[in-house]
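Below is one structure, written out as structure tokens; comments come after it.
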Amino acid sequence: MTAFFCDVVGSTSLAEQLDPEVLAAVMGRYTRRAREAIERNGGTVASFHGDGAVGLFGLSAAHEDDTARAARAGLELLGALSGLMESASDAFTLEARVGIEAGEVLGDVAMAASGALAGDVMNTAARLQAEAAPGTVVVGPEAIRLLRDRAELRPLTPLMLKGKSEPVEAAVVVSVGTGPRRSSTTPFVGRERHLSTLRRTLDDTVADQAPMLVTVLGDPGIGKSRLLDAFVADLPGVTVLRASVPAAGEGTSLAPVVELVSQAIGGATSALAAERLTALVEGRPDAVALESALRSLLGLGGQAATEHTWAFRRLVETLVARQPVVVVIDDLHWASLALFELVEDAVRWTRGPVLLLCGARLDLLDARRAWGGGMQRALSMTVGPLRPEESAAIADELLGPGAALRDRVVETAEGNPLFLEQLAAEARELGDTWDPTAAPTTIRALLEARLDRCLPDVVRVLGLASVQGSRFRLGVVRALAQDATDVDAAVHEAERARLAIKVEPDVGAFAHALVRETAYRRLPKATRAELHAAIADLLADDGDELRGVHLERAAALRAELGRPDPDLERRAGEHLARAGTAAYARMDLVTSSDMLERAARLLPLDSPARLEILPDLAVALMENGRADDAVALLAGGVDEAERAGSRRDAMRIRVQQLALDVYTDVSVADIRRDIAEGHTILEELSGLGDDVGLAQGWVVLDYLHWLIGDMASVEEAAGYSVAHAERAGRLREQVQAGGDQSTALFLGPLPLARVRRWSEERRGSPNPVVAAGGEAGIAAASLLMGDREAFEAAEARWRRMVEVGGLEWPGADVAMAALAPALLEAGDPERAEALLREGLDTMERLGDVWILNGLSFYMVISLARQGRTDEAAVLANVLDERYVWMGAPDEVVRSVALSVAQSARGRREGALALATEAVEHVRATDSTLLLVLALEHLAGLLCETDPPRAVATMEEVAQIDAAWGNVVGAERVARTLEAWRTTAAP
Ligand SMILES: Nc1ncnc2c1ncn2[C@@H]1O[C@H](COP(=O)(O)OP(=O)(O)O)[C@@H](O)[C@H]1O
Ligand SMILES: [Mg+2]
């Protein structure tokens with residue numbers, strides 16, 4: 001346990017100087033800060049007395065993490081108080097001092113907490129506090145020992161404390177790192193150049209107020225992690241978050257993100273996590289969405305309509321608002337696709353000074369060839385061998401200065417400090433019998449040899465532990481051992497041999513990933529398979545992904561041995577399927593496609609679990625740009641489902657095939673046929689009451705109708721999908737179809753008054769996507785109906801809902817597909833451009849090529865209408881080069897945009913041909929807005945070459961506008977017609 005005592009210095013004289021009321025207020029604030037500092041760092045407030053407070057960290061045994069958190073609480077309290085003072089008058093000063101000591105408490109912690117147990121720890125902490133200089137945190141001997149690797153301490157001359165005969169060792173805490181306890185206590189040497197580059201990069205980040213990515217690359221054991229630790233150990237005024245990626249088969253794919261988030265809120269396991277989370281995001285406009293996204297990420301329950309990449313980025317922005325942030329992600333070579341994307345997203349898009357610092361083996365470049373490339377704000381540095389004199393300094397430290405074998409050790413290690421440490425350990429263990437000339441010449445071989453020589457129990461325990469990963473739970477090792485092996489004793493022994501270390505009372509860690517790899521590889525494959533399978537059962541509470549990962553390993557090993565185990569494969573597949581489905585539900589389609597794909601490979605072809613995940617997996621693959629894989633996946637799926645007797649799955653799979661058809665055939669007749677088939681299938685699913693299938697299926701129909709420009713049917717299909725998705729608790733369709741619904745309503749054939757009425761009904765929906773779509777609908781309709789005030793109000797409400805709800809994709813979608821064209825129609829190209837720019841940024845960030853493909857063409861029109869014709873023409877070329885057919889509406893906008901660009905360059909004929917094409921396309925759709933857009937543009941081009949046809953066309957526009965209720969457009973058209981008639985008049 002660690003005891004924490006604090007009080008306010010000079011409070012008596014303070015009481016004399018101050019108005020009692022002011023004093024009470026100041027003391028109240030101080031008390032609150034003290035409580036906050038203690039609790040935020042995971043401690044409990046044991047008591048308040050006068051102007052002091054006592055906090056307790058951890059349970060009875062002394063544990064370094066508790067001490068580190070107590071020390072951090074002390075520094076935070078001092079920081080908070082200086083903040084308080086700055087905001088108060090200069091008439092007085094108020095300073096706190098803190099005393100901290102760690103130690104074992106015999107008996108009940110509750111008793112200690114109540115103050116009844118005046119143990120030695122409590123006494124020492126109280127005395128240290130009394131001796132501490134104002135504005136400092138002073139720690140005692142046991143705390144010093146525990147903090148040594150984690151904090152920067154400034155030693156004090158030993159203190160004579162009341163009740164102690166000997167002077168007591170004490171030190172002032174200067175800073176506390178967030179790094180883990182490490183096995184190495186050798187002093188840090190060298191790396192000056194690396195450190196100065198890192199510092200400079202951090203300075204740049206702060207100066208530019210923009211993110212930077214630094215990747216530190218090097219061989220295992222060369223000192224990457226230590227370099228990162230050394231860098232972050234001393235960064236006053238910077239928030240540091242640090243996590244490592246577990247090796248494949250050792251942990252869940254987003255475990256590092258969970259770790260970073262929980263550090264940001266000061267510990268996620270405690271019951272306070274939820275409360276702290278709320279406090280952290282408080283006051284942000286997107287607090288609600290952010291909190292629920294982070295809750296779902298931490299497994300605290302809750303459903304989020306936003307992606308974790310968004311949530312992580314916003315969380316970092318929250319922290320950055322206070323002070324610069326350094327995010328360390330070590331061992332990035334083991335990252336999942338989802339994690340890579342999260343880091344890239346953060347580097348590209350976070351606003352504010354954040355340094356993302358990654359450590360990785362060179363294999364990273366195999367997994368992500370282009371890592372860091374193509375990113376503007378990224379740099380890599382390689383960590384090479386230490387210089388001989390640096391190695392010698394470490395060797396002196398480890399072997400004692402001037403040891404006879406020193407030069408030999410230094411030479412063999414070739415500048416790899418891990419190698420050096422292990423050789424030194426070997427030398428110490430073997431003493432005079434050690435023959436350095438016979439020592440293994442690689443670090444891997446050396447570790448092999450050292451494990452060979454360990455006591456059987458130690459080797460066995462390390463082997464059992466290695467199956468869990470770099471960190472391992474002793475309880476799990478005990479359960480795997482299935483006998484009376486003294487696990488604690490073995491770990492203790494391994495600690496002496498510098499192979500592993502206990503980092504928490506029930507948690508151990510290998511001294512280095514290479515030690516784990518060596519211990520793991522020594523196990524026969526059959527044993528590994530058994531252990532992975534056994535662990536999956538022991539981790540029953542740890543969620544599907546981790547269990548699935550272990551079972552998957554077990555199954556793979558069995559297959560390698562030529563003894564595949566179908567039951568293991570099935571169980572692995574079922575867990576991964578559940579985990580992948582959960583990821584799908586939180587809209588993490590990257591993780592989802594990864595896990596569902598693995599599940600689909602493991603599960604028997606006709607198993608219910610496999611058939612059930614195929615449609616979602618197909619969607620996830622498609623969304624990740626892998627349409628061909630999706631097609632291959634579903635091929636044969638319908639027959640498999642029919643054979644398995646599941647008509648429901650057969651139909652769900654068939655519907656997704658209809659969506660995928662579009663990638664191979666794009667004729668309108670084919671799409672119409674697919675639509676007809678889709679309707680038949682959905683009728684049957686409806687007979688089965690299958691909400692999931694109906695949510696999936698209606699979104700497909702929404703999309704197919706969109707392709708042929710049948711907005712009324714899009715609107716209807718999207719509405720059904722949302723309703724079924726709500727019943728089935730499926731978020732993806734709610735977001736996708738919820739957005740389409742309002743866009744299609746506005747673009748479709750209904751009169752604007754009706755659009756506005758329907759939208760008004762929707763704005764009260766409990767579904768945030770539907771409600772925001774409702775506001776957008778009101779805004780767009782009001783604008784054209786000539787009610788600018790209603791437009792402004794609804795647009796502001798829409799904007800707020802998008803921000804509050806974190807509705808990035810649906811917000812950008814509706815902005816580009818409905819609000820921007822409405823503004824163009826209303827004659828406000830500047831504002832249309834601004835909305836389009838925002839939307840394009842978001843869509844580019846989210847990688848939505850779909851939207852970029854078609855809707856970007858509105859940008860051409862809005863530039864041309866502002867007279868920026870060169871820009872418009874250049875953009876039109878760029879966009880058209882990468883354009884692919886994605887339906888009739890896109891085609892209309894594109895043709896108009898290209899025509900506008902041509903006419904801007906004086907190419908009359910080309911412009912006219914394209915405008916005519918646009919009108920042909922638009923006549924096949926039921927979109928009023930697109931129709932008036934295309935016709936009015938055509939009329940404008942015709943007015944010089946064919947005035948009668950121009951007038952006739954414009955008159956048609958006038959009629960449409962009148963029926964539609966487009967007051968703004970109608971006025972403009974009337975003015976144009978009027979002008980044409982007067983000039984044409986003889
Ligand atoms: N510059 C250094 N000075 C002292 N010890 C170091 C240094 N670099 C690494 N070490 C030690 O060498 C061992 C391996 O370093 P580590 O950072 O874990 O390697 P990597 O992350 O590159 O695999 C650790 O025990 C570490 O403390
Ligand atoms: Mg490392």
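Just so you know, ligand 1 is whichever comes first in the structure, and atom 1 is the first atom listed for that ligand. On a predicted model such as this, the values are computed, not experimentally measured, just so you know. Scope of the values below: all heavy atoms of this structure, side chains included, with no hydrogens, waters or symmetry mates.
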- prompt: Is R598 salt-bridged to D594, cutoff N-O under 4.0 Å?
  reply: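 Counted as a salt bridge, because a side-chain N and a carboxylate O are separated by less than 4.0 Å.
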- prompt: Are D208 and R377 ion-paired here, with the side-chain N under 4.0 Å from a carboxylate O?
  reply: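 Salt bridge flag = yes for R377 with D208.
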field: CA sep, side-chain torsions, deciding dist, call: L514, Q422, side-chain contact (heavy atoms from CB on, under 4.5 Å)
entry: CA-CA 11 Å; L514 279 187; Q422 293 291 326; over 6 Å; no
Could you list which atoms of ligand 1 come closer than 4.0 Å to a heavy atom of [X]?
X	answer
P187	3 (N), 4 (C)
D219	22 (O)
I222	19 (O), 22 (O)

Heavy-atom contacts under 4.0 Å between [X] and ligand 1: side chain, backbone, both, or neither?
X	answer
A513	neither
E390	neither
I394	side chain
P220	backbone
R361	neither

[X] side chain to [Y] side chain, donor-acceptor N/O pair below 3.5 angstrom:
X	Y	result
T2	D66	no
E448	T518	no
E259	Q263	yes

Ligand 1 to [X] polar contact by distance, N or O atoms, under 3.5 Å:
X	result
R191	no
L227	no
K224	yes

- prompt: Any donor-acceptor pair under 3.5 Å linking the side chain of D219 with the backbone of I222?
  reply: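 Side chain of D219 to backbone of I222, a donor-acceptor pair under 3.5 Å: no, none is there.
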message: Just checking R191: does its CZ atom have more than 12 heavy atoms from other residues, nucleotides or ligands closer to it than 6.0 angstrom?
response: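 Check passes, neighbour count above 12.
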message: Heavy-atom contact check, 4.0 Å cutoff: does A230 meet ligand 1?
response: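 In this structure, A230 fails to qualify as a contact of ligand 1 - no heavy atom is under 4.0 Å.
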Heavy-atom gap G221 to ligand 1 smaller than 4.0 Å: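 In this structure, G221 qualifies as a contact of ligand 1 - some heavy atom is under 4.0 Å.
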field: Any side-chain heavy-atom pair of F231 and H194 under 4.5 Å
entry: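 F231 does not reach H194 side chain to side chain.
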message: Please identify which of these residues, V232, V343, L260, meets the side-chain contact (heavy atoms from CB on, under 4.5 Å) condition with V327.
response: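 Checked V232, V343, L260 against V327; only one passes side-chain contact (heavy atoms from CB on, under 4.5 Å): L260.
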- request: Anything protein N/O/S under 2.8 Å from the Mg ion (ligand 2)? Just list residue and atom, please.
  value: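 Listed by chain and number: S225 OG.
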- request: Check the pair V326, L235 against side-chain contact (heavy atoms from CB on, under 4.5 Å), reporting the backbone distance first and the verdict last.
  value: CA-CA 9 Å; V326 174; L235 290 179; 3.9 Å; yes
message: I want to know whether H333 and F340 have ring centres closer than 6.0 Å.
response: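 When the ring centroids of H333 and F340 are compared, they turn out to be at least 6.0 Å apart.
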